[in-house]
Number of protein chains: 2
Amino acid sequence: MIIRLEQSSEQPLYLQIREQVIAAIATGELAVGEALPSVRSLACDLSINLHTVNKAYAVLRDEGYLLMRGRSGAFVADPESHTMQGRGAVEDARMAQELYALALAHRARGGSETEFKDAAAQQAVRAFSE
Amino acid sequence: MIIRLEQSSEQPLYLQIREQVIAAIATGELAVGEALPSVRSLACDLSINLHTVNKAYAVLRDEGYLLMRGRSGAFVADPESHTMQGRGAVEDARMAQELYALALAHRARGGSETEFKDAAAQQAVRAFSE
DNA sequence: GTGTATTTGTTCGTATGTATT
DNA sequence: TAATACATACGAACAAATACA
C-alpha cells in the first residue's frame, strides 16, 4: 500500500492517511482480513511520528474499517460481519447528512438539483471503476 | 433567520453557523442582497462571543456566499455575479472531491455504486424541495 | 453643524483543546 | 511523557459609522 502525504495541506496528516487507507480498501488494494503495516513501519516509511499513524488507525477502527488486535496489528474489517453492521449503518447515516449538506451548499451557489445528481453520479462512477 | 447551536457538538460553533446560513440561502429564507444580523446581535441571540459569529461570516465571505462591507454589515451575495463565478467554481471542485471521497468510503463499507447514487439523489430531492 | 450616545467591525490578549513531534 | 504549534472560543478595549437632540 502506497501512501502519499502532503505536509503543506490544510488537512491533518492522520486524516490524509485515513482517506488513503479507505481508498485502498474500496479498490481492493487492501483485501478483507489483510494486515496493514505496523504503526512503526508505516510511520518510518512516511517519515512521521508513530503517534500520527496510530491516531489514523484508531479513527479507522472507530469507524469500523479496521480491527486492531493489540500487538498483532491492524486488519481490514469484513463489512459483512455482524459486529460491523451497526457501525456501517452509523457511517451511512453520516454520509446521508454530508450529502444533504453538500446539496444545500450547491443550491445556495445557484446550482440545480439535476446538476448535483449528475455530479454525484459522476464521482460514483469514478470511485467504483477500479 | 433562526439558528440553533449545539454546544456539545463535535462540530465547531462557527461551522454550525456557516452550515445553517448556507441552508437559509439555499431555501430562499435569506434572499440575494438581504442583510444578515450584525455579528453582535446574532452573538447575543446565540449567547456566544461575537468573534465566533465574525469568523463564521468571514468563512462564508471567503467561500463566496456573503459580501461584507465593513461596518455596514454582511449581505447575501449574488451567485450570478461575475465576481462570484470564480469562487463558485472553486467550491464546485471541492464538492466533487467530497463526493468522490464519500463514494470511496461507501464502497469500502461494502456498498454498491447504485446505492450511493440513490442516496445522493434522495438527499438532493430533500435539499431542493423547499 | 455640534456633541453625545449607540452600534458597528477590528485589534489585542488569554485560556483551552488538538495535532504532531 | 513532555513540548511545540495551531485551532477554537472568549473578554476587554478600540475606532469608525450612525442616530438624534
Side-chain angles (χ1 to χ4, degrees), chain A residues 1-23 36-63 65-66 68 70-71 74 94 97-98 101 105, chain B residues 1-22 24-25 30 33-77 83 87 91 94 97-98 101 105:
Chain A
M1 183 182 42
I2 297 157
I3 288 185
R4 301 223 159 278
L5 296 184
E6 202 184 337
Q7 288 280 357
S8 63
S9 168
E10 58 179 292
Q11 197 178 31
L13 296 174
Y14 81 97
L15 288 183
Q16 294 185 44
I17 296 171
R18 168 190 172 274
E19 199 161 304
Q20 294 185 43
V21 168
I22 288 176
L36 275 75
S38 75
V39 171
R40 276 192 162 72
S41 67
L42 182 54
C44 187
D45 285 355
L46 300 175
S47 305
I48 61 175
N49 196 279
L50 77 167
H51 292 338
T52 307
V53 177
N54 194 51
K55 168 129 190 176
Y57 281 12
V59 168
L60 286 162
R61 164 178 49 78
D62 291 345
E63 293 175 341
Y65 295 104
L66 298 184
M68 297 181 70
R71 282 148 199 84
R94 190 192 314 277
Q97 268 187 282
E98 268 292 330
Chain B
M1 183 183 41
I2 299 158
I3 289 185
R4 301 222 160 279
L5 295 184
E6 203 183 337
Q7 288 280 358
S8 62
S9 169
E10 59 179 287
Q11 196 178 29
L13 296 175
Y14 80 97
L15 288 183
Q16 293 185 45
I17 296 172
R18 168 190 173 274
E19 199 162 295
Q20 295 185 44
V21 168
I22 288 176
I25 295 174
L30 280 173
E34 187 174 342
L36 276 76
S38 76
V39 293
R40 265 194 167 75
S41 67
L42 183 53
C44 188
D45 284 357
L46 300 174
S47 304
I48 61 176
N49 195 277
L50 78 168
H51 291 102
T52 307
V53 177
N54 195 47
K55 168 127 189 176
Y57 281 12
V59 169
L60 286 163
R61 164 177 50 76
D62 292 344
E63 292 175 341
Y65 295 104
L66 297 185
L67 295 173
M68 296 180 71
R69 304 214 190 90
R71 283 162 183 78
S72 56
F75 302 84
V76 179
T83 52
R87 298 203 171 156
E91 290 305 310
R94 191 192 312 278
Q97 268 187 282
E98 269 290 331

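These numbers were taken from a predicted model, which means no experiment stands behind them. Chain letters run A, B, ... following the sequence lines, proteins first, then strands; residues in each count from 1.
Between Arg61(B) atom CZ and dT10(C) atom C1' there is a gap of 12 Å when expressed in whole angstrom units. The distance between atom CG of Leu50(B) and atom C1' of dT7(C), rounded to the nearest whole Å, is 12 Å. Rounded to a whole Å, the CZ atom of Arg69(B) is 14 Å from the P atom of dT10(C). Distance, Asn54(B) CG to dT7(C) P: 18 Å, rounded to whole Å. Regarding Glu10(B), its CD atom lies at a distance of 19 Å from the P atom of dA7(D), rounded to whole Å. Taking atom OH of residue Tyr57(B) and atom P of nucleotide dT8(D), one finds them 19 Å apart after rounding to whole Å.
Summarising the geometry of Met68(B) relative to Tyr57(B), their closest heavy-atom pair is SD-O, 3.8 Å, with the distance given to 0.1 Å. Across Pro37(B) and Met1(B), no two heavy atoms sit closer than the pair CD-CE, 3.8 Å.
Using a 4.5 Å cut-off on side-chain heavy atoms (C-beta onward), Leu15(B) and Glu19(B) make no contact. At least one side-chain heavy atom of Ile48(A) sits under 4.5 Å from a side-chain heavy atom of Leu13(A). Contact check for Leu46(B) versus Ile17(B): side-chain heavy atoms found under the 4.5 Å cut-off.
Between Arg94(B) and the choices Glu98(B), Gln97(B), Glu91(B), the side-chain hydrogen bond (donor to acceptor under 3.5 Å, both in side chains) rule is met once, by Glu91(B).
Between Arg40(B) and Ser47(B), the residue anchored nearer the 5' end of DNA chain D, judged by the nucleotide with its closest heavy atom, is Ser47(B).
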Find every protein N or O atom lying less than 3.5 Å from an N or O atom of nucleotides 18-20 of chain C, and list the pairs.
unit_1	atom_1	unit_2	atom_2	d
dA19(C)	OP1	Tyr14(A)	OH	2.7
dA19(C)	OP2	Lys55(A)	NZ	2.3
dT20(C)	OP1	Leu13(A)	N	2.4

